[in-house]
Amino acid sequence: MSGIETMGSEATGPRMRVTLTVNGADHDIQLDPRTTLLDALREHLGLTGTKVGCNHGTCGACTVHIDGRRQLSCLMLAAAAAGSAITTIEGLAGADGAPHPMQAAFVAHDALQCGYCTPGQIMSAVACVAEGHAGSDDEIREYMSGNLCRCAAYPNIVAAVREVAGSTMAEAA
Amino acid sequence: MDINMGNGGIGVPVVRRDAMAKVLGVAQYAADFPHENTAYAALTLSKVARGRISRLDTAAAEAVAGVRMVLTHRSLNESLGDETFVMKGGHMQSSFLPLTSDEIHYAGQIVSLTIADTLEAAEEAARLVAIDYAREAASASMDDAGLTEEPADSGIDVGDAEAAFAAAEVKVDATYVTPAQHHNPIELYAASAAWQDGKLLINLPSQWVMGTRAGLAKVFGIPIEDVHVESPYVGGAFGAKASILPHVVLVAMAARRLGRPVKLVVPREAGFTVGSFRPAARSRVRLAATRQGKLTAVMHDEVGQSAVIDHVAFAGMEATSKMYASPNIRMRAATVATDVNSPGFMRAPAEAPSFFGFESAMDELAVALGIDPVELRIMNEPARDPVSGLPWSSRLLVECYRRGAALFGWSDRNPKPGSMVAADGTLIGYGCATATYPSAMAPSSARVRLSADGSCVVYCAAHDVGTGAYTVLGQVAADVLGVPDELVTVEMGHSRHPSGPVSGGSITTGSAGSAVHMAARAVRERLFATVAAGQDRSKMTLADRHVVLPDGSRRAISDIIGGLPGGVIEEHADWKPTDMDDKTMQQGLAGGMAFAGPVGGTHVSFSFGAQFAEVRIDPLLRTIRVARMVGVFACGRIINPRTARSNLMGGMIWGASSALLEESQIDRARGRFANTDLASYHFAANADVGEVVVEMLDEHDSVVNAIGTKAVGEVGIVGMPAAIANAVYHATGVRVRKTPILMEDLL
């Protein structure tokens, strides 16, 4: 068998070096150029708060922020994220460790059950408010529909986003 | 929103104990556990549904840099041994383990497992495994020609239903069809296996760590103590993760051979065939009644899709036979074997498909009689179980209907189909249906520790699959010991803990909760015995971290426990349902399937609910929206109304999703599931969901178990599809006897 020589050796196929800026810190890593941002975060940086649910961009569990905009990390190569500011669920809390208001609102409204889609929901929810797409319950439902929740905590998710959007608007006024 | 962080007792809407870890992203699910030097696995699946592998070439796969192993049926040379299918007394999702022969039994069967240093190399190599098949004709649909029905059980007979039906004044005879469906939890199936000194540590999402431990010990021929199953968080389960899936065994075998941890995350599309699914079903329901609306015959014949490799039936007539008073009842179940992966439990496995047909038929009967559908159900309320003649441990179905009708505004309903139209022409329909779910229980152990600082820890190998078990089990202990919630810790989801039951059949709170209650009471007894030997313990109470003695004097718990060796009081309890013998209990505690109920020696225990739906249908496009759902439930004592409400709400949305969206479509020519991703297997997204109102009645059940709880996790889904179908009929006059109900069904 032609491949047997490499088996058991350290040869692991193509590698490249990438610097990723995640939650304000630079990480210099070597990875296979085909590595998605999702797998780089989870398997190379140990940031497992970002979840894998489909690898097709259909469920939203892997949602992160790239330069402040929501992005499905399963559909982006890690190399393509170099030079951008990447924020994951682990980077959302304040410098003092206090949960982000959206994280607190999800707890207060029981906007989660199994919790697996929750990091992606929260990353989308923060962006949804920042985008100005949380003006009504119907608008929240629409702009949060890229994040599937199989436990179906949807009404509580809407309530959490509504609360944060309301206080954000109150601050702006 | 009413939030209580202080009092940890029963009935308090305590905030979900695991919520903060989940929102911060620090809760560790199966694929999140790091293992040093992990190798990654990727699957290759069969492209044909039946036949044999005629050529297999792994050279190209093995040539990929970083590949360490390509496991196929040629190289595995292992088997399940005596371990088998979960519904034949074992723990496996199927009695067939892929890679144990060259036979193909279903499309999407695992035909190789490729292991490499990186995920990318494993995936590349898995695509290069070259396989030719000697393909044989296959049927993945129970509607294919030439398939035969086989009786699945002896049926249920009360009186002479055939004769009563033939003689009846008013009758309904209709057949209702539900498709195959897949659970699709957002967390993918996954497994990480690591061997050390002959011991296996496996991380996987599991609804049954004790069963998984017992099953893997049997497969690998090692002592049960040498298998450690870790599953503290489960990213949605719904029955999908209640048995050992084949990839788990293969990953553990690969890790043992490589001498290195191996991790596999099963891709979404592979999950449709690596795991189980809800099989398709066909219900023929015949109902007969007097002109006044009294049922005289209830007949339900259900045919369910089964698998050639595992005959299994999920007919729900144990529940439908008990719904209404009728002197004549006849129930029959049959299966049709197809070339598919083994079907399995999916949320209300028997009840959800059966009740779509049964409760649609009740609505058809109400129309035929000209009687309000709520009133028809109330006038046929049975005082006792019409099959066994036993009393109910509790049954507040009529109260659920009365309260639900008031909450929903049922009295505003004009019964004439198509009569309710909004100002913009939108057709409005109101429908209702009954929900029920058996309150079964399984034996469970638990350990409770009370420390001098007043803190309390609960240990149990049960699971929180999103249901609230972490929160609820802590509340049960806190209630007995008078401990504030912030001082309670609950440890679950690991096989090192005292035995817990499978988290299936909505049994966790009643079973594990009863064990926690028993252990906590033992702790309290020791506390009382320690503080004042010889005094009347029945007159002692706990309040504010003090023992209150019969004379009214108080002793601080910290002083009492602080003086004990180790500074803690810790008690273990083994609990079993009332009617279960000790042998069955021991089998259950050792990781076997051991259920008691819902029909006990003296009572029958079910949860009940009345469910209402308002649909809004576009008069031209016929698009269907569920604008409102109302569910009122009687599930015994509710330990935590906050988590119970979310669970019931999620179930109702599952029901709406099932009614309007969900179907695992079958490519009959190729004998395979056709829509194996979340872009084409649709389930409810946020924008699909309107208003959802959930209420739980204050129900006291002193029979079902020591804490008075009944089933919560699955009852929410059961009546919703029929309520929506009945609302669609009311809006349009079109009776749709299949799900999902699509716009083209209303043209």
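Below, all heavy atoms of this structure are taken into account, side chains as well, without hydrogens, waters or symmetry copies. Source: prediction; values computed, not measured. Just so it is clear: chains get the letters A, B, ... in the order the sequence lines come, proteins before strands, and each one is counted from 1.
In terms of non-hydrogen atom pairs under 4.5 Å with chain A, the most contact-rich of B/V465, B/D688, B/V265, B/L24 is B/L24. Chain A forms the most heavy-atom pairs under 4.5 Å with one residue out of B/S646, B/G650, B/A19, B/G236, and that residue is B/S646. Heavy-atom pairs under 4.5 Å with chain B were tallied for A/V158, A/L31, A/L112, A/I122; the largest tally goes to A/L112. Interface remark: of the candidates B/Q28, B/E124, B/E691, B/E124 forms the most heavy-atom pairs closer than 4.5 Å to chain A. Ranking A/P119, A/G120, A/G115, A/C54 against chain B, the residue ahead of the rest is A/G115, based on heavy-atom pairs under 4.5 Å. Comparing B/M20, B/R16, B/R268 by heavy-atom pairs within less than 4.5 Å of chain A, the highest count is held by B/R16. Most heavy-atom pairs under 4.5 Å with chain B, from the set A/E142, A/R42, A/M144: that is A/R42.
Contacts of A/T118 with chain B are made by side-chain atoms alone, with heavy-atom separations under 4.5 Å and no backbone atom involved. Neither the backbone nor the side chain of A/L92 comes within less than 4.5 Å of any heavy atom of chain B. Using a 4.5 Å cut-off between heavy atoms, B/A125 makes no contact with chain A at all. In this structure, chain A has heavy atoms under 4.5 Å from both the backbone and the side chain of B/V689. Neither the backbone nor the side chain of B/F33 comes within contact range of chain A; no heavy atom of the residue lies under 4.5 Å from a heavy atom of that chain. Heavy atoms closer than 4.5 Å to chain A are found in both the backbone and the side chain of B/A679. Proximity to chain A (any heavy atom under 4.5 Å) is restricted, for B/S657, to the side chain, taken from C-beta onward. The contact between A/D39 and chain B is made entirely by side chain atoms (from C-beta outward), counting heavy-atom distances below 4.5 Å. At a 4.5 Å heavy-atom cutoff, the contact between A/R34 and chain B is made by backbone and side-chain atoms alike. For B/L119, the part lying near chain A is the side chain, with the backbone staying farther off; criterion is any non-hydrogen pair under 4.5 Å. Within the 4.5 angstrom heavy-atom criterion, only side-chain atoms of A/I157, from C-beta onward, approach chain B. Contact of B/Y470 with chain A is not made at all, since no heavy-atom distance falls under 4.5 Å.
B/L43 places a side-chain heavy atom less than 4.5 Å from the side chain of B/L264. B/P185 is listed as a side-chain neighbour of B/K241, based on a closest heavy-atom distance under 4.5 Å.
Counting only distance, with no hydrogens or angles, the side chain of A/Y154 and the backbone of A/C149 share a donor-acceptor pair below 3.5 Å. A distance-only check finds no donor-acceptor pair linking the side chain of B/R127 to the backbone of B/A122 [under 3.5 Å].
Aromatic ring centres of A/Y143 and A/H133: separated by under 6.0 Å. Aromatic ring centres of B/W654 and B/F683 lie farther apart than the 6.0 Å criterion allows.
B/D32 has a carboxylate O that lies under 4.0 Å from a charged side-chain N of A/K51, or vice versa, which qualifies the two as a salt bridge. A salt bridge links A/R150 with B/E662: at least one charged nitrogen is closer than 4.0 Å to a carboxylate oxygen. A salt bridge is defined here as a Lys NZ or Arg NE, NH1 or NH2 lying under 4.0 Å from an Asp or Glu carboxylate O, and B/R17 with B/D464 fails to meet this definition. Salt-bridge annotation for A/R15 and A/D32: absent, with no side-chain N of the basic residue lying under 4.0 Å from a carboxylate O of the acidic one.
Taking the six-membered ring where tryptophan is involved, the planes of B/Y29 and A/Y116 are perpendicular, since the angle between them exceeds 60° and thus also 30°.
Between A/A61 and B/I186 the shortest heavy-atom distance is CB-CG2, 4.0 Å.
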